[in-house]
Amino acid sequence: MLQVKLTIALRSTPAKLTLLKGMGIITVEDLLLHYPFRHEDKSELRAINLFNVQEVNTSRGMLGAIQNHKTKFGKRIQKATFTDQEGAIIECVWFNQPYLANQWSEIREVMISGRVKYSGGKMSFQAPTIEPWSDHLIHAGIVPVYHETEGLTSKWLREKIHSIIDHAGEFEEVLPEDVRKQYQFPSKAEAIRTVHFPENREQLERAKQMLAFEELFILQLNALQQKKAWAEQGGAVAMPLDAEAMKKFQEQLPFSLTDAQKISLYHILKDCEKEQPMLRMLQGDVGSGKTVVAAMAMLSFLRKGYQCVVMSPTEILAKQHCVTLKKMLPEFPCALLIGSVSEREKTELQENISTGKIQLIIGTHALIQEKVNFPQLAFAVIDEQHRFGVAQRAELVEKSGKHIPHLLMMSATPIPRTLALTIYGDQELSVIDQMPPGRKPIITKVVSATARKQATLFIDDQIQKGRQIFVICPLIQESEKLEAKSVLEEFERLKQEFPHRRIAYLHGKMKTDEKDEVMKKFKEKHYDILVSTSVIEVGIDIPNATVMVIEGSERFGLSQLHQFRGRVGRNDLQSYCFLFSTKREQQSLRRLKAMQEHTDGFKLAEIDLEIRGPGEVYGYRQSGLPDLKMASIMDGRTIAMAREKARELIETDSSLIKFPLLKKLVEKVKGNSARA
Ligand code: ADP
Ligand code: MG
């Protein structure tokens, strides 16, 4: 019955059914799985004189006719008066819902519920929900509230779901019996029913927790299966840990490794001792020193004649890595393979790579796109490639010779551990949570419009001292063209502001070689100021740049601001970050102030997550954030629980033979993540 189409199960107009279809709701099952996003407790009817201001209050009484009005700004509003059973009166206001006047043209007894505001000396109901009173109100008690879309009200959804709720009994059990028993979870059928129409808060919470657990459990099963599959294919080069070589390498470095670097390196080297290929994420804030760790991890493989690849998200970063790694690993033949290399050169490179002559290959995505194979590949570093998923791994394996490469992913995006378990659940995790010593914290200031002049003088003084300046233009969503325009405008403005300084600009509409040329010249100090859009590469290394100016800073997330800031302060000079902001809103100010107070990317990520939520912070599509209906990826406790139980199950029944329904649901997640 669950698969029955709503066209049959619901008596509704085709128009409504089309709207539902637009939300992906076609069958009875789909509609039952359309969960409310919150519940309102209307079980407590109150008299008006007991109302709590700013809260949702519910009452029973008489509602007068609703009438249309226009405000002095021309907005359409609706008004009516509500009289409770004790004769007290309150005004009700709705916004832009003129049809209400037709529906409620006469006095009726109702149940009314909504937020109550107090202003101008009196209370009013703000857009309350109203329902004719009856003794069997399905909208009384703890009622579900659904997200509304044009044409589908929460109330309508509630009625329709109520009419099919008995089909909830047909949901099969997904979770293994012992897991359900251990946590005293309700049955799936009961949970579905309860999440729509709970009898009390406690029952509701348990149902929600069970549904959240189930979602996370499925994700973790998928992650652990993939992790296992990767490891079990075997075939990697088992490289004994060469402590002597590591020591020697360290001795010729101009600095000593931080403890966090040493620990991460140790994790990696231990993984590489096995024939099972490694799959490890190395996280560390901008400037925490991931590159040297990667270099040391590759060292033994290179010495034994194997090939290693390093893949970067952009050409500029690939070139930078090439320079750095050549310096660190000078004795090995190395090449840069990027899209913009000429065809002739490419052919020659491919030739030398395919014979194994070139051992260290650094490049962009071109590495897995070009017609080149790496017969001796043993170790691959993937930098800042958040979507390097199962499909891309397979491509890389496809290009390697008889060995499966150990994989080291690197990311400067700080993600709290619980989140990482969900997003990178198929990988091991190492974190460099410590900065190299001696770095001066970057002095950060939120600059108001009035203090701009001062900042300008300060910047000019820095240039006078021979330093260089980055300027980031405001974020303009989804339009490279507009961003380019804003860069050019800013460029013109800066020319006025700093007439005697050398200024250059960069934006996404420029050709790669143009961009590279500008970058190169900036690096060689031909320019004092570089204006760019936000799309311009993270991780650019210009040690002489000491000031980062961010225009329209309120439009960026903290994590992003932190990434920008990380482009300065790369040597022992004191560096500065100025956050220009035009908005005076409390919330954006609070966010920006956090930049003044904190230098730790993880801390800032946490604050950002708290204020804006994970979808906003990491962007759903880019980051591979799972699509969760009930669970929160910030719910560390449930994630840990689900992870633990999933691990136990995978140990005894890795392909879920005993749980066909669970298996099916995991396959579905697998399909989705492969397509992403
Ligand atoms: P990221 O983690 O952002 O990729 P990098 O690897 O580019 O950081 O390192 C940033 C800078 O810090 C480089 O110039 C590097 O040589 C230097 N560095 C790395 N580790 C240390 C350390 N332990 N002590 C001092 N400087 C270090
Ligand atoms: Mg880096």
Side-chain angles (χ1 to χ4, degrees), residues 246-247 249-268 280-299 308-330 336 360 362-364 380-386 388 408-415 420 429-442 468 470 519 523 536-546 548 559-573 575 577 599-602 604-605:
M246 291 300 132
K247 203 167 142 234
F249 187 92
Q250 277 192 66
E251 277 165 9
Q252 47 85 40
L253 281 175
F255 48 76
S256 49
L257 295 182
T258 62
D259 287 344
Q261 281 172 315
K262 282 185 200 159
I263 292 167
S264 299
L265 178 63
Y266 184 74
H267 289 158
I268 297 166
R280 183 173 284 279
M281 166 66 70
L282 176 62
Q283 263 192 9
D285 217 338
V286 190
S288 62
K290 296 183 288 293
T291 319
V292 65
V293 172
M296 291 179 76
M298 292 190 287
L299 183 62
C308 297
V309 303
V310 178
M311 193 167 112
S312 293
T314 65
E315 300 206 345
I316 296 181
L317 284 177
K319 284 181 186 164
Q320 194 175 291
H321 266 140
C322 193
V323 173
T324 319
L325 290 170
K326 264 185 182 162
K327 249 188 248 161
M328 285 186 192
L329 304 161
L336 183 69
L360 178 56
I362 299 158
T364 53
V381 179
I382 318 285
D383 194 19
E384 293 296 340
Q385 207 89 87
H386 301 289
F388 200 81
L408 179 67
M409 323 284 214
M410 302 201 298
S411 168
T413 311
I415 291 181
L429 182 66
S430 297
V431 182
I432 305 184
D433 53 3
Q434 185 181 22
M435 282 303 210
R439 294 269 166 84
K440 292 199 180 76
I442 298 158
Q468 289 166 288
F470 282 112
M519 216 51 231
K523 216 168 167 155
I536 235 66
E537 291 68 22
V538 288
I540 287 293
D541 203 10
I542 313 266
N544 191 50
T546 55
M548 168 59 69
S559 303
Q560 222 176 347
L561 291 173
H562 179 69
Q563 295 267 344
F564 294 147
R565 180 168 64 181
R567 283 188 225 164
V568 296
R570 292 196 156 241
N571 60 16
D572 48 11
L573 300 170
S575 289
C577 175
T599 54
D600 175 1
F602 279 88
L604 286 166

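Keep in mind that the numbers below use all heavy atoms, side chains included, and drop hydrogens, waters and symmetry copies. For the single chain, residues carry numbers from 1 onward in sequence order. Source: prediction; values computed, not measured. Atoms within a ligand are numbered from 1 in the order they appear, just like the ligands themselves.
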Inset, instruction - Could you tell me whether ligand 1 has any atom less than 4.0 Å away from a heavy atom of Gln283? - result: no
Inset, instruction - Could you list which atoms of ligand 1 come closer than 4.0 Å to a heavy atom of Val286? - result: 3 (O)
Inset, instruction - Pick one of side chain, backbone, both or neither for how Gln261 approaches ligand 1, counting any non-hydrogen atom pair under 4.0 Å. - result: side chain
Legend entry - Distance in Å, His321 NE2 paired with Met311 CE, rounded so as to fall on 0.5 Å steps: 12.5 Å
Legend entry - Pairwise distance CG(Leu317) to SG(Cys322) - rounded to 0.5 angstrom: 12.5 Å
Inset, instruction - Report the part of Asp285 (side chain from C-beta onward, or backbone N, CA, C, O) that has a heavy atom under 4.0 Å from ligand 1; answer both or neither where that applies. - result: backbone
Inset, instruction - Please could you name the atoms of ligand 1 that Thr291 approaches to less than 4.0 Å, counting only its heavy atoms? - result: 4 (O), 5 (P), 6 (O), 7 (O)
Inset, instruction - Using a 4.0 Å heavy-atom cut-off, say whether Lys327 meets ligand 1 through its side chain, its backbone, both or neither. - result: neither
Legend entry - Partner residues of Lys319 under the salt bridge (Lys or Arg N to Asp or Glu O under 4.0 Å) criterion, sequence neighbours left out: Asp516
Legend entry - Ala545: partners by side chain to side chain contact (heavy atoms under 4.5 Å, CB included), with sequence neighbours left out: Gln468, Phe470, Ile542, Val568
Legend entry - Tyr266 atom OH, neighbour heavy-atom count above 12 within 6.0 Å: no
Inset, instruction - Could you say whether the N/O atoms of Gly287 and ligand 1 ever approach to under 3.5 Å? - result: yes
Legend entry - Where Ala295 and Met328 come nearest, the two heavy atoms and their spacing: CB-SD, 3.8 Å
Legend entry - Contact check, Gly284 vs ligand 1, heavy-atom distance below 4.0 Å: no
Legend entry - Rounded distance (nearest 0.5 Å) linking atom CD of Glu384 with atom OG1 of Thr413: 5.0 Å
Inset, instruction - Examine distances only and state if a side-chain atom of Lys290 and a backbone atom of Gln283 form a donor-acceptor pair shorter than 3.5 Å. - result: no
Legend entry - N/O donor-acceptor pair under 3.5 Å between Gln261 side chain and Gly289 backbone: yes
Legend entry - Contact check: Gly289 vs ligand 1, nitrogen or oxygen atoms, below 3.5 angstrom: yes
Inset, instruction - Say whether Thr324 and ligand 1 are in contact under the criterion: heavy-atom distance to a ligand atom below 4.0 Å. - result: no
Legend entry - For Thr258, atoms of ligand 1 separated by under 4.0 Å from a heavy atom: 23 (N)
Inset, instruction - Say whether Ser256 and ligand 1 are in contact under the criterion: heavy-atom distance to a ligand atom below 4.0 Å. - result: yes
Inset, instruction - Answer with side chain, backbone, both or neither: which part of Leu257 has a heavy atom less than 4.0 angstrom from an atom of ligand 1? - result: backbone
